[in-house]
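What follows is a set of notes on a single structure, which appears directly below.
Predicted, not measured: the structure shown is a model, and the values here were computed from it.
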Amino acid sequence: MKNELAVAIEKSKIKTDKLPVGKHSVNGLVRVIGEIEVKEDQQVTPTASILSVDFLLLTLRAAGVTREAALNAISNVAQDYLVDWTGSDADKKAAKKARKAAIEAFDPEGKGKEAFDNFKLTLPKVPRAGAVTFEGSITEVEASATDALIEVA
């Protein structure tokens with residue numbers, strides 16, 4: 001429901017982008033008309049939590065990589081991935097192509113991906129709350145602010 005609250009605040013026309021850092025009092029009334037759908041809870045594989053520094057370091061250790069070589073490799077790969085956040089569109093495309101080529105050269109049969117996928121299948125499922133969606137309208141009924149820096153349209 002946090003997203004719906006953000007939309008309600010946005011729709012109330014309170015100009016939060018012009019406020020200085022800090023807390024500001026707000027008093028508003030917003031009308032919400034529509035439907036909220038809550039989907040069933042799910043059981044999912046916690047793949048994001050296994051992709052940790054611990055997993056990476058233990059994998060490198062099991063492969064016989066020294067600590068210094070592992071840290072150097074992590075630093076080099078991190079620099080390559082940094083392009084995805086700082087590079088131009090052409091740089092990002094080239095970096096993705098280079099990564100794909102390097103992986104295919106290292107593991108042409110995809111055995112690494114297969115091993116990782118098989119490992120993920122053995123992980124226990126964890127609960128995840130069902131998705132919440134809202135369809136409808138959020139309109140301003142009344143909006144005022146006790147802080148003079150907040151503009152109300």
On a heavy-atom basis, which atom in Ala95 and which in Asp84 lie closest, and how many Å separate them? CB-OD1, 4.5 Å
Verify the cluster assignment for Ile103 and Phe106: are they in a single hydrophobic cluster under the rule of side-chain heavy atoms below 4.5 Å apart? no
Counting only N and O atoms by type, is there a donor-acceptor contact under 3.5 Å from the side chain of Thr59 to the main-chain atoms of Phe55? yes
Using the side-chain contact (heavy atoms from CB on, under 4.5 Å) rule, take Val44 and Lys125 through it: C-alpha gap first, then chi angles, then the decisive distance, then the call. CA-CA 5 Å; Val44 298; Lys125 303 288 184 187; 5.8 Å; no
CG of Leu71 to CG of Leu60: how many Å apart, nearest 0.5 Å? 9.0 Å
How about CD on Gln43, more than 12 heavy atoms from neighbouring residues, nucleotides or ligands closer than 6.0 Å, or not? yes
Side-chain touch Leu57/Ile74, heavy atoms, less than 4.5 angstrom: yes
OH (Tyr81) and NZ (Lys92) are apart, to the nearest 0.5 Å, by 14.5 Å
Over 12 foreign heavy atoms within 6.0 Å of NZ, Lys93: no
Spacing of CG belonging to Asp41 relative to CZ belonging to Arg128, to within rounding of 0.5 Å: 10.0 Å
Checking side-chain polar atoms at under 3.5 Å, does Asn72 have a donor or acceptor matched by the opposite partner on Ser75? no
How about Val83 and Arg99: do any of their side-chain heavy atoms sit closer than 4.5 Å? no
Measuring from atom CG of Asn118 to atom NZ of Lys113, what distance do you get when rounded to the nearest 0.5 angstrom? 10.0 Å
When rounded to the nearest 0.5 angstrom, what distance separates NZ in Lys120 from CG in Leu123? 9.0 Å
